[in-house]
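Take a look at the structure set out below.
Note that the structure is predicted; figures quoted are calculated from it, not measured. Lettering of chains follows the sequences in order, A, B, ..., and the numbering in each one begins at 1.
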Protein chains: 2
Amino acid sequence: MRMNDTAAPVLARPNPRKRDAEATRAAILEAAKAHFALLGYDRAVLRDMAREAGVDVALVKRYFGGKEALFVEALRASFGPDAIQDWDRATLAREVATTLADSPHVDEARTHRFQFLLRAATSPTTAPLLNVLVQDRFLGPIRDWIGGADDNARARVFAACYIGFLVERLIRGEALLGREREVYIDRVTAIFAGLMSETDAPG
Amino acid sequence: MRMNDTAAPVLARPNPRKRDAEATRAAILEAAKAHFALLGYDRAVLRDMAREAGVDVALVKRYFGGKEALFVEALRASFGPDAIQDWDRATLAREVATTLADSPHVDEARTHRFQFLLRAATSPTTAPLLNVLVQDRFLGPIRDWIGGADDNARARVFAACYIGFLVERLIRGEALLGREREVYIDRVTAIFAGLMSETDAPG
DNA sequence: CTCTTATGTCAACGGGCATTGACTTGACCG
DNA sequence: CGGTCAAGTCAATGCCCGTTGACATAAGAG
């Protein structure tokens, strides 16, 4: 029995949260996606995600089983099969290059997904979980999208470059400006375009 | 006072470790370099490094101050200024491409360094520490090495690709074989070669 | 209304690990 | 020999964080 039983709660819960399993599960997952992508597996804290979702930590266990399971789920959700196919062959190279050149669009949906992948890949905890997923949701789609001869190898290089540019952007101190920005975009565009073509003239 | 004061130590210390500050400091640093590079900041454990160095954990504090300081030190040490300059312009592109193609040479010195950098870059804890270091020890040397017009932008793209290939190799499930390996090497070589040239014909 | 069950809350527990400070031991100098 | 200080050891301590199980409460069926 509480001491202040008779007193009204100091702060009435603003939104008494209807009991809706689907909704809370989704809220947790959403928070998890953001936190894992932003902080990586180790530094992401369940309590924080729960708070952001307006939910008790214990529910993470109820709905997902544990941190690792939640991570996998979040990764899959964040990296749905439709993530790639809508790319436009004609404009993609330059468009992506420009996005990459202009620095801190961290919350932009497309890169967000890949940032998640990157974090997952570089944490030894989670890397083992990736083999299947990477093939199914990343390399596979890119390969199909890129098409043509040797699509496997080209997709692999394509994906690698993309991730590399993401990392570089991540640790980039100041924004790219003027000529440096132009050259950067041109070079990145050239690389992507070269990989999209079946017959790239080697140096 | 110990209970078994009179009893001889069950295991005499095999190597009673001369008291040599320099040596132990170096030993710790060496272990730290390996552990951080391999596991990343969060999963690397001071106790393990100490054990590997044949040293008590407390000495980490004495000699370095703490985990974070040790990390910075290890990163600097592992990423000395001489890391880049000895690359050979003529053969580098294909050589590196081949190394990258053939998977698990994790302990190979050159990639080891970069793997360290990669881990540092993708961990939010340590990323802030990198701005200066990256410029001084990574982009700068690559820029000087690559030379020519727009060296800054080209070095940036070069570095990004390199890191990307490292990540890809990290999450690569099975080894590259046969034609896929050939194409992979060719494409990667082409990218590096293109970036080394001042005038790369864009697609 | 009552019983049941899904949903949500709360307060520990426990492991892992960096950090700390008091203590011991070797080495060098007078 | 004895004193002093650096080098090394040891045993806590305390924090962070995932996990757990016991409890409360809404909602819906009968």
On the nucleotide dA7(D), are OP1 or OP2 found under 4.0 Å from the side-chain N or O atoms that Thr24(B) carries?
no

Partner set under salt bridge (charged side-chain N to carboxylate O under 4.0 Å, His left out) for Arg179(B), not counting sequence neighbours:
Asp150(A)

Could you tell me whether Ala50(B) contacts a base, only the sugar-phosphate backbone, or nothing, with contacts defined as non-hydrogen atoms closer than 4.0 Å?
nothing

Distance check needed: dA18(C) C1' versus Asp42(B) CG, whole Å only.
13 Å

CD of Glu168(B) to SG of Cys161(B): how many Å apart, nearest 0.5 Å?
12.5 Å

What one-letter contact string describes nucleotides 19-30 of chain D from 5' to 3', where B marks a base within less than 4.0 Å of any protein heavy atom, S marks contact via sugar-phosphate atoms alone, and - marks no contact?
BBB---BS----

Side chain to side chain donor-acceptor pair (under 3.5 Å) partners for Asp48(B), two or more places apart
Arg51(B)

Between dC17(C) atom P and Leu39(B) atom CG, what is the distance in whole Å?
11 Å

Report the relative orientation of the aromatic rings in Phe192(B) and Tyr162(B); use parallel for angles under 30°, tilted for 30 to 60°, perpendicular for over 60°.
tilted

Grab the CG-P distance between Leu59(B) and dA6(D) for me, whole Å please.
15 Å

Are the aromatic rings of Phe116(A) and Phe71(A) close, with centres under 6.0 Å apart?
yes

Please report, rounded to the nearest Å, how far the P atom of dT7(C) is from the CD atom of Glu22(A).
9 Å

